[in-house]
Amino acid sequence: MTDRRRINGPPEGTTPLEFLTGFTHQSVIKRSPTTLRKIFLKTSLTPPATGSAFLELPTPSSPSTPTLKLTASVYGPRPLPSATAFSPNARLTAELKFSPFSTPGRRRGYIRDGVERDLSAQLSLALVKSVDVGKYPKSAIDVFVSVLDCEGGLGDPGDGKGGGGVEVGLMGVLAAAISCASAAIADAGIECFDLVAGGVAGAMLERDGDVEVGRVGEGGDSGGARPRGEHARKVTLVLDPSPAGDYVILAAAAVGYMAAKDELTLVWTKGSMSPSSDGTEETERLIDGAIRAAIGVRLVINEAIKERWLLGLNEIGLIKEKGVGGDGDTAMD
Amino acid sequence: MPRELDPTANEKSFILDALNQKLRIDGRDLDSFRELELNFGDDYGLADVRLGKTRVLARVSAEVVKPFADRPFEGIFTITTELGPMASPAFEPGRQTEQEVLLSRLIEKAIRRSNALDTESLCIVAGQKCWQIRADVHFLSHDGALVDASCIAVVAALQHFRRPDVSIEGEKVTIHTMTERVPVPLSILHVPICVTFSFYLDGEVCLIDATLQEEQLRQGDMTITLNKFGELCQISKAGGLAINALNLLRCAKVALVKVGEITATVQRRLEEDAAVRVRRDNLLESKADNERA
Amino acid sequence: MSQDPPLLPPLALPGQPLAQSPPYTAGTGTHTQNSTSTITASIAGIPRAHTDMSISVTRPTASHPHSHPNPNPNPNPLLLPEVASAVLARVTRLNPRQATVEIFALQANHAGAEMGVCEHTFQGLIRAQDVRATERDRVKILDCFRVGDVVRAVVISLGDQSNYYLSTASNSLGVIVAHSDAGDPLHPINWRQMACARTGIVEERKVAKPI
Amino acid sequence: MSRYEILSPEGLRTDGRRWNEIRRFSAKMATTTAADGSSYVEHGNTKVICSVNGPIEPRAANARSSERATITVDVCFAAFSGTDRKKRGKGDKYSTRPIKSPNLPTYQGGGGALLMGRAQSKRRVLEMQSALSRTFASTLLTALHPRSEVHISLHILSQDGSILATCVNAATLALVDAGVPMTDYVTACTVASYTNPDESDEPLLDMNSAEEMDLPGITLATVGRSDRISLLQLETKVRLERLEGMLAVGLDGCGKIRQLLDEVVREHGNEMARMGTL
Amino acid sequence: MAPPQTSQQTGTPLSPAELSYLHTSLTLTPPIRPDSRTPTQFRPLIAESDILPSTNGSARMIWGDGGECVVGVKAEVEKNSASTGGARDWIEISVEVSGQRDDDAFLGMTVAESLLVPGSGVLERLVLGERFHWKVFVDILLLTPPLSHPATLLTLTTYLALRNTFLPRLVSEVAEDPVFDDDWDNALALYPIGRIPPPITLLVVSVGENIFFDPTREELAVGDVALAVSICGKKVVGVRTLEGGSGGVGREVIKRVIKESHEVAEEVFGSLNSVGEGD
């Protein structure tokens with residue numbers, strides 16, 4: 001009965017406002033499948049944080065192109081809150097949050113929803129395996145990633161696309177978050193075994209005019225009973241697919257990859273029932289593709305960190321400009 | 001959270017021994033209520049019940065609201081209870097304790113769910129407008145038998161309440177002020193009264209209207225709600241000491257008698273109060289009569 | 001520098017291999033990969049080979065990248081108390097059994113590290129039996145510390161969930177800065193007393209040997 | 001009073017039972033090893049899983065009493081237990097099951113009513129929990145385990161009337177399985193009071209949900225073989241005279257249930273003996 | 001009582017010594033598991049399906065370690081306009097772990113992801129004419145959290161439930177409001193035989209050279225990497241990394257895990273289906 005005291009909403013509800021998202025995705029399709037989008041990465045932009053990084057991709061050529069912007073900041077190692085029990089290792093927690101205005105059309109609330117909790121969990125997984133937690137007993141390392149703008153939605157249901165294919169939006173966000181956070185950790189000077197770079201790869205199915213794969217109905221029976229002819233359609237491996245892309249992704253994989261050690265800290269793949277093969281080698285191809293993407297990203301991270309350091313070192317004239325042959329990334333191959 | 005202090009060992013043994021000899025420390029015999037004192041406020045729908053040291057205030061108010069979409073032909077009747085620190089230091093404001101929930105559920109079942117108030121009669125325009133009758137129960141001091149007292153308070157207040165008269169021509173609904181037209185009483189279908197029994201000494205002894213101390217010492221309790229026509233509205237014996245079925249039936253019989261007495265008292269007090277009012281606003285009364293004629 | 005190590009890059013990045021574990025050993029800022037026993041950088045910084053065949057990677061402390069108005073001493077966020085590292089701590093709470101302190105500066109216990117101010121303070125505990133080396137059972141905490149004193153101590157254990165355990169059981173360790181009740185600075189007069197220059201009042205402390 | 005015949009002229013009920021027959025009753029003990037004691041009871045289409053932990057150290061400080069064990073009860077309606085799936089509000093774990101009563105139409109749709117329904121059922125669950133815990137508090141020998149807690153958690157998987165009663169029975173089994181000392185079984189059943197066309201009344205043992213909707217009825221729990229009633233609940237209006245008849249039938253019903261529970265327990269005991277766990 | 005084991009926390013009470021012992025015994029060839037299972041062997045479990053009359057499909061599973069899971073599937077008719085999110089909102093999954101406040105995000109996502117695999121053809125079976133569709137609620141109730149990671153238990157039970165989910169047959173025309181055949185025998189299976197079955201998710205942990213299925217909490221704690229591999233029909237449709245393990249792993253390991261789980265899945269499906277026929 002107590003509920004009668006509170007003021008209920010109008011009995012006949014109101015419909016939320018529809019925003020038009022005027023994205024032209026042409027720029028994306030022009031990219032060749034194996035080239036990554038240009039990445040802009042800059043470290044230590046958040047003074048209060050121990051280490052921080054800002055990542056944006058692709059560097060907007062025209063204001064209309066959808067971009068992914070996110071910042072990562074690392075705090076710690078700092079003493080654990082007194083309530084928590086003694087732990088011989090550092091506790092690394094990662095939290096990924098979409099800012100309310102990040103997704104076009106729909107405003108996101110401030111409370112973390114399922115997606116965010118899930119991504120946060122995966123992010124901390126990917127990072128914790130790279131950090132040398134043994135070096136920082138009974139201390140906490142907190143990583144905060146906030147997504148400022150995410151290329152035309154997470155591909156979460158609602159923005160039309162992706163009926164026939166899997167969603168790569170979230171994977172893209174996660175991969176970017178991993179790279180950015182890893183750069184921030186390196187910037188903080190926290191000891192880690194290796195830097196983690198996130199990479200995404202997808203099996204792309206060009207959509208030719210006549211067949212609509214986008215709709216559920218079609219996507220439905222594409223599983224078992226797909227006409228022979230359909231298989232003729234080209235399925236190509238595309239690195240770093242953009243969710244804004246005007247094509248159907250049949251399967252995708254995101255990895256957290258430590259290039260120097262050639263080890264994976266995170267694997268996340270999604271598949272679809274078409275083409276009907278057993279997905280194993282498909283998945284393997286995708287993982288390899290994602291790793292290739294990650295290697296590309298890794299080079300960017302290296303450069304970003306080095307750039308930062310040269311800046312720092314020049315200030316105190318510890319070394320002169322030419323001193324660095326930039327062979328940091330020769331280590332990668 | 002503060003707790004009611006338990007009686008000391010001495011008090012305990014004393015009271016129980018006394019009960020064993022069928023004696024109560026306040027001298028009542030086992031199946032008698034404390035002196036029931038019922039007063040009404042100046043304006044309609046305010047009932048003040050005193051049962052020994054227990055004092056409960058019930059306020060009935062009415063407003064015009066939109067009926068629930070799924071029941072367009074019925075008005076809304078809500079009862080709200082809140083155990084505040086005023087009644088006893090053991091109660092905190094705000095957060096609902098289990099005791100409070102149980103209490104409100106009981107009153108709920110006893111009065112609202114037994115349809116003491118005819119909600120159809122509260123409908124003004126089907127699906128558009130209806131009266132919402134709301135009974136707020138305030139506990140002023142707590143010395144046991146809260147349920148019984150508050151139940152009496154609510155039914156008394158409901159009977160005492162008068163809502164403004166309404167007239168409808170076409171779409172237009174006019175609500176007349178108290179002075180304009182004689183306010184109309186609510187249509188009460190029956191008058192449920194709660195009687196709470198407390199059991200001691202493995203069911204040998206059972207009390208009516210236990211004081212706080214007695215409540216703290218009881219092994220089990222049962223609340224029976226009846227009206228004077230002998231209709232059971234609600235029984236709730238939520239666990240506690242297991243009682244022989246025959247005893248329970250005996251209790252029910254006793255309860256019926258008590259309910260008779262109490263309803264009578266309530267009725268008497270209502271009439272007395274009505275008489276007073278008539279004397280007071282005789283003028284207005286007669287004027288209204290002429291208008292109606 | 002005896003013989004030149006295999007070219008160390010001017011700037012090392014985490015995960016970058018620097019040298020083979022034999023003959024070299026992993027110094028600070030590096031770790032040895034178990035699989036291929038190579039010394040690998042764990043932080044971004046400048047790799048150096050030391051005479052003792054150890055390879056270390058260090059961040060030039062002066063330029064912690066983002067501290068542009070550069071406050072000195074520059075709080076180093078990466079300082080953590082380890083066992084045997086010397087610390088400076090301020091006494092915050094006293095009871096007959098122990099003194100609670102907050103560690104605000106410490107010196108990592110690897111070669112050539114100097115005392116650094118930490119970004120966060122760590123809570124420490126000096127138990128009565130750890131105050132001095134001799135007649136530990138006679139120690140009265142209240143005669144050794146006062147709230148507000150600055151103490152030099154060493155970490156003897158990472159302790160429990162909330163405290164690091166410290167010890168002052170050495171001549172060089174103990175109270176180094178103290179004030180009298182009146183608030184005047186106190187000067188050590190012997191190993192268990194300090195005196196106020198102005199009033200000459202003498203208070204009990206566990207005094208650190210002045211350096 | 002009801003759209004269809006609750007009791008056919010031949011004296012058969014909608015599900016073909018006679019007035020004094022209970023529905024198919026099957027129960028299992030020790031269904032899971034994760035809890036100290038557990039049980040699964042199917043009474044007609046009402047299905048309840050119960051698990052008991054205890055005596056354990058109280059999880060909440062206020063659940064600690066120095067002279068006896070406190071008994072805490074969690075009742076949880078599964079989202080799919082009702083006829084239509086409950087719409088769960090943020091955070092609350094209670095079903096918004098419509099309040100049954102002959103003269104109140106059931107809550108469905110209608111924002112306000114739903115809200116009310118949810119608030120209602122929340123308190124209803126709380127009431128159930130306290131009723132259960134008080135019922136067992138009086139039958140378990142709680143004084144043997146002071147400063148400890150016995151936690152009973154009940155999951156209602158499917159509701160078809162007599163829910164409180166089934167909960168009591170399930171809890172009894174689980175408590176026996178957990179080995180919590182008790183004076184005797186607590187067994188419960190429900191009785192409806194049917195009004196014949198000729199205004200004569202007829203008690204019907206063990207209501208299903210349809211009967212609960214249309215008829216006034218009581219839920220009662222007795223201790224052991226005695227006719228001592230530890231729990232008695234009536235929520236809808238009925239003539240006082242009828243109570244006696246209902247009680248009589250109810251006591252008899254509880255006796256039947258007790259018989260069934262007893263068989264289950266003994267069966268389980270023999271089973272364990274055969275497995276050599278005893 | 002058993003601590004509620006969420007996917008976020010794999011706390012084990014084991015000492016470093018015990019862990020290393022466990023690790024070595026698991027890296028042996030052939031490996032020795034604490035409960036002497038073969039690497040691909042699952043723990044014994046009791047499963048029954050179709051237990052709840054008030055649901056469209058239901059299943060219950062009890063594991064040796066006391067984990068108990070009940071899944072109920074309910075379908076309601078809904079206007080297409082009602083679900084703004086498009087077809088993906090037509091199936092709603094909620095994971096409720098008893099004694100825990102809010103639902104478990106990770107598990108929920110994992111199940112949802114594999115369940116909504118594009119092309120599995122479920123969604124189009126939910127279409128009712130032009131304006132209506134079935135809204136399917138999959139409520140997963142983890143009664144007593146098992147001592148190990150609940151993912152496997154949970155998805156296997158969900159598989160059983162969905163396998164036995166039936167929807168009344170539509171008798172009305174496409175355009176008009178849906179009317180249903182009330183004869184339950186003519187009801188249509190949500191996952192008809194011969195079509196793509198519902199997915200399952202296997203929990204796999206790799207230690208050294210060895211790969212273990214249905215790992216216990218302890219095995220998870222010492223594993224190099226723990227993966228949740230979702231298989232739908234004969235196809236691997238999703239892989240996720242779980243917490244546990246330290247440092248990264250080579251890609252070969254991952255690939256081997258995926259391969260093996262694909263093979264093992266065959267048997268699992270087999271046994272699960274036999275349950276379906278069993279009762």
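The sequence lines fix the lettering, A, B, ..., with proteins before strands; numbering per chain opens at 1.
C:Phe145 has its side chain within reach of C:Val131: a pair of non-hydrogen atoms, C-beta onward, lies under 4.5 Å apart. Contact of the A:Asp132 side chain with the C:Ser42 side chain is not registered, since no non-hydrogen atoms from C-beta on lie closer than 4.5 Å.
Under a cutoff of 6.0 Å and an axis angle of 45°, A:Lys138 and C:Tyr164 form a cation-pi pair. Taking the centre and axis of the six-membered ring of C:Phe104, the NZ or CZ atom of C:Arg90 falls inside the cone set by 45° and 6.0 Å.
Minimum heavy-atom separation, A:Ala260 to A:Arg298: N-NH1, 4.0 Å.
Here C:Ala44 is the residue among C:Ser162, C:Ala44, C:Pro81 with the most heavy-atom pairs under 4.5 Å with chain A.
Heavy atoms closer than 4.5 Å to chain A are found nowhere in C:Ala12, neither backbone nor side chain. Heavy-atom distances place the side chain of C:Gln33, and not its backbone, under 4.5 Å from chain A. Proximity to chain C is absent for every atom of A:Leu80, based on heavy atoms less than 4.5 angstrom apart. Looking at A:Ile190, both its backbone and its side chain come within 4.5 Å of chain C, counting heavy atoms on both sides.
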